[in-house]
**Q** 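Pasting a structure below so you can have a look.
Counting starts at 1 for both ligands and their atoms, in listed order. What's counted below: heavy atoms across the whole structure, side chains too, no hydrogens, waters or symmetry copies.
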Amino acid sequence: MNRHTSPKTQARLADFMDGLNRRNPHQPEFHQAVLEVATHIIPFVLENPKYENARIFERLTEPDRLVTFRVCWEDDEGNVRVNRGYRIQHCNAIGPYKGGIRFHHDVTLSVLKFLAFEQTFKNSLTGLPMGGGKGGADFNPKGKSEREVMRFCQSFMTELFRHIGPYTDVPAGDTGVGGREISFMFGQFKRISNQFTGALTGKGLAFGGSEIRVEATGYGCVYFMLDMLKHHGHDLEGKTCAVSGSGNVAQYTAEKLIQLGAKVVTLSDSDGTIYDTAGIDAEKLEFVKQLKEVKRGRIQEYADHFHCEYLAGKRPWAVPVELAFPCATQNEIDEEDAQTLVKNGCIAVSEGANMPSTQRAIDVYQLNGVLFGPSKAANAGGVAVSGLEMTQNSMRLSWSRDELNTRLRDIMAKIHERCVKHGRQDGQVDYLKGANIGGFIKVADAMLAYGVM
Ligand code: NDP
Ligand code: 2IT
């Protein structure tokens, strides 16, 4: 919405959000994600009555199906444990439901509904035939033994398997779900369905996985930043960067930044931030990968090992940087953080995590001319290579690393182009508007073609 928005459009938006909030009480993350999209889509559908008359956006904010189930497992002491599992099948208008699985103690229906909704727009933006979905459980993998994680994953899949398949719904990783967990789940899927199919992505290379999938989200997030900077006459080389998180997305965001000659000075986890003024190089990053993927330790150990500053309990946003890459979790940059980033000279933000900036933080970026790559565009590289993993599984062939990296680069460039095309606003590019409208059109046209359903 901008300063030219008519009172009629504003009233329609308010009315729409009132209805959504009433139908979905106590789901703040879902409300936030929908509002972020509705701000652009409501004016767009009012200008395009075919969508408005068919109530396409109302339909798109009601998931096709919600599945919740009990996940019962035994810990190493023989105690019986009970968690809640979910799969949100949001929209399959342009392809099978597709999206990650999150294991985190904060997982709620609201969080997964926001993620599934966002995924529908993101997957459309990639240009590949994928619908949107998301799943997970309120299971906390931290501190669990490998055998406990295995038993949990097997129990989770024992119920989930009946809802997924290569033409139905194709889950993948997300927070707390990496190669190890996907392997346990794929093994169980294969065993109980008696089928070796591409029903999950992010698989190991020995059993149908794709090159570049591990790197794709982080690399893609940097490619998107590169394209935003170039489009506005800037460059990446030599820029000082803050990256948050230290998991999959953060590691490969940092890796690509280092390869392209930028200087990464922070990484973090939920306990604190490391601030390495000398810059994280490839060797130090290897230490982080071992620490997180093998030892499953805390980022503080980096500060102890390399003798740099550790900001206990803090996020990276007070560190002076030119570029910011939030790669940990939702709402990790609030209004005050955004103001601090701007004050310290930050010129661009590319979101590796899903919805890491609050609405007020986004307002601060936009007021101050900070280039803003929203998550549904900037982190689409991960699901894009998942889509290419599905393609390779269908062909029963594997492409090379170079081939996949070239395709990923090309997909990210096309997403940037789509955002520019649909995001023109007062002579500037509003990437959020571009991503929302660019993602909406293809899904909406498919829904129109199907008639009323
Ligand atoms: P990982 O589990 O590999 O890493 C998550 C990282 O974020 C960890 O460092 C974790 O710290 C930190 N973190 C998680 N929750 C919080 C929190 N509440 N506060 C502070 N730090 C937190 O997950 P990914 O790297 O895969 O995912 C990170 C983000 O990227 C998520 O938003 C995810 O949805 C998004 N994403 C992931 C994709 C993928 O392919 N994996 C694709 C597109 C988006 P700690 O260990 O202390 O919890
Ligand atoms: O948020 C995301 O896009 C992901 N977690 C990746 C989803 C996927 O299917 O690869």
**Q** Should you measure from each heavy atom of Ser386, which atoms of ligand 2 turn up under 4.0 Å away?
**A**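 Counting atoms of ligand 2 from 1, those under 4.0 Å from Ser386 are 8 (C), 9 (O), 10 (O).
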**Q** With heavy-atom distances below 4.0 Å as the criterion, list the atoms of ligand 1 near Ser270.
**A**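 So the answer, numbered in order with elements, is 11 (O), 19 (N), 20 (C), 21 (N), 45 (P), 47 (O), 48 (O).
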**Q** Is the ring pair His416/Phe224 parallel, tilted or perpendicular, if the boundaries are 30 and 60 degrees?
**A**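 His416 and Phe224: perpendicular rings.
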**Q** Once you restrict to heavy atoms under 4.0 Å, what part of Arg213 touches ligand 2? Side chain, backbone, both or neither.
**A** side chain
**Q** Purely on distance, is any nitrogen or oxygen of Val249 under 3.5 Å from one on ligand 1?
**A** yes
**Q** Is the closest N or O pair between Gly173 and ligand 2 shorter than 3.5 Å?
**A** yes
**Q** Give the atoms of ligand 2, by number and element, whose distance to some non-hydrogen atom of Ala172 is under 4.0 Å.
**A**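 The atoms of ligand 2 under 4.0 Å from a heavy atom of Ala172 are 8 (C), 9 (O), 10 (O).
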**Q** Taking atom CD of Glu336 as the centre, does the number of heavy atoms from other residues, nucleotides or ligands within less than 6.0 Å exceed 12?
**A**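 For Glu336, atom CD is not crowded (no more than 12 foreign heavy atoms under 6.0 Å).
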**Q** So if I count the atoms of ligand 2 from 1 in the order they appear, which ones are less than 4.0 Å from some heavy atom of Lys134?
**A** 1 (O), 2 (C), 4 (C), 5 (N)
**Q** Could you tell me whether Thr217 approaches ligand 1 through its side chain, its backbone, both or neither, with non-hydrogen atoms closer than 4.0 Å?
**A**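 Answer for Thr217: side chain.
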**Q** Please confirm whether Gln330 comes within less than 3.5 Å of ligand 1 when only nitrogen or oxygen atoms on both sides are compared.
**A** no
**Q** Please list, in number order, the atoms of ligand 1 under 4.0 Å from a heavy atom of Gly176.
**A**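 Result: 2 (O).
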**Q** Below a 4.0 angstrom heavy-atom separation, can you tell me which part of Asn354, side chain or backbone, both or neither, approaches ligand 2?
**A** side chain
**Q** Kindly say whether Thr277 contributes a backbone atom to a donor-acceptor pair with the side chain of Lys263 at under 3.5 angstrom?
**A**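 Looks like yes, one N/O pair under 3.5 Å.
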**Q** So, is the end of the Lys144 side chain (NZ or CZ) under 6.0 Å from the ring centre of Phe139 and within 45° of the ring's axis?
**A** yes
**Q** Quick check on salt bridge (charged side-chain N to carboxylate O under 4.0 Å, His left out): which of Arg401, Arg409, Lys289 does Glu215 satisfy it with?
**A**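 Exactly one option meets the salt bridge (charged side-chain N to carboxylate O under 4.0 Å, His left out) with Glu215, and it is Arg401.
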**Q** Kindly confirm or rule out an N or O of Asn379 lying under 3.5 angstrom from an N or O of ligand 2.
**A**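 Not met; the criterion fails.
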**Q** Give yes or no for whether the N/O distance cutoff of 3.5 Å, strictly under, is met between Leu115 and ligand 1.
**A** no
**Q** Can Ser268 be said to touch ligand 1, with heavy atoms closer than 4.0 Å?
**A** yes
**Q** For ligand 1, which is the ligand I care about here, please tell me if Lys292 has any N or O atom under 3.5 Å from one of the ligand's N or O atoms.
**A**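 No: no nitrogen or oxygen of Lys292 is under 3.5 Å from one in ligand 1.
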**Q** Heavy-atom contacts with Cys327 under 4.0 Å: which atoms of ligand 1 show up? List them by number with element.
**A** 28 (C), 29 (C)
**Q** If you have a sec, work out which protein heavy atom is nearest atom 13 (N) of ligand 1 and how many Å separate them, to one decimal?
**A**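 Atom 13 (N) of ligand 1 sits closest to the protein heavy atom Ala328 CB, 4.0 Å.
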**Q** Are any side-chain N or O atoms of Glu148 and backbone N or O atoms of Asp76, one a donor and one an acceptor, separated by less than 3.5 Å?
**A** yes
**Q** To which protein heavy atom is atom 7 (C) of ligand 2 closest, and what is the distance rounded to 0.1 Å?
**A** Gly100 N, 3.5 Å
**Q** Could you list the residues that satisfy side-chain hydrogen bond (donor to acceptor under 3.5 Å, both in side chains) with Asn83, not counting sequence neighbours?
**A**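 Listed in chain order: Trp73, Asp138.
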**Q** Below 3.5 Å, N or O to N or O, backbone or side chain included: is there any such pair between Asp174 and ligand 1?
**A**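 Yes - when backbone and side-chain N and O of Asp174 are compared with those of ligand 1, one distance drops under 3.5 Å.
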**Q** Considering only heavy atoms of Ala353, which atoms of ligand 1 have at least one such atom less than 4.0 Å away?
**A**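 The list of qualifying atoms is 29 (C), 30 (O), 32 (O), 35 (C).
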**Q** Pair up each side-chain donor or acceptor in residues 63-72 with any protein partner under 3.5 Å, not counting sequence neighbours, and list the distances.
**A**
unit_1	atom_1	unit_2	atom_2	d
Asp64	OD2	Asn92	N	3.4
Asp64	OD2	Tyr97	OH	2.7
Arg65	NH1	Gln89	OE1	2.8

**Q** Taking only heavy atoms of His104 into account, list the atoms of ligand 1 that are under 4.0 Å away from them.
**A** 15 (N)
**Q** How about Met157 and Leu200: do any of their side-chain heavy atoms sit closer than 4.5 Å?
**A**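 Yes, at least one pair of side-chain atoms sits under 4.5 Å.
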**Q** Please say whether more than 12 non-hydrogen atoms of neighbouring residues, nucleotides or ligands are located less than 6.0 Å from NZ in Lys190.
**A**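 No, not enclosed.
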**Q** For ligand 1, which atoms have a heavy atom of Ser246 less than 4.0 angstrom away?
**A** 9 (O)
**Q** I need the nearest protein heavy-atom contact for atom 9 (O) of ligand 2: residue, atom name and distance, please.
**A** Lys98 NZ, 2.6 Å
**Q** What protein heavy atom is closest to atom 5 (N) of ligand 2, reported as residue, atom name and distance in Å?
**A** Asp174 OD1, 2.9 Å
**Q** For Gly352, take its heavy atoms, then give the atoms of ligand 1 lying under 4.0 Å from any of them.
**A** 30 (O), 35 (C), 36 (N), 44 (C)
**Q** Does Asp269, backbone or side chain, put an N or O under 3.5 Å from an N or O of ligand 1?
**A**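 No, there is no polar N/O contact under 3.5 Å.
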**Q** Show which atoms of ligand 1 fall inside a sub-4.0 Å distance from at least one heavy-atom site of Arg102.
**A**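 The list of qualifying atoms is 31 (C), 32 (O), 33 (C), 34 (O).
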**Q** Non-hydrogen atoms of Arg213 versus ligand 1: any pair closer than 4.0 Å?
**A** yes
**Q** Can you find a protein heavy atom under 4.0 Å from atom 20 (C) of ligand 1?
**A** yes
**Q** Are any of the N or O atoms of Asp106 closer than 3.5 Å to those of ligand 1?
**A**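 No, Asp106 has no N/O under 3.5 Å of an N/O on ligand 1.
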**Q** May I ask you to decide whether Arg180 forms a salt bridge with Glu146, counting only side-chain N to carboxylate O separations under 4.0 Å?
**A** yes
**Q** For the side chain of Trp317 and the backbone of Glu332, is there at least one donor-acceptor N/O pair under 3.5 Å apart?
**A** yes
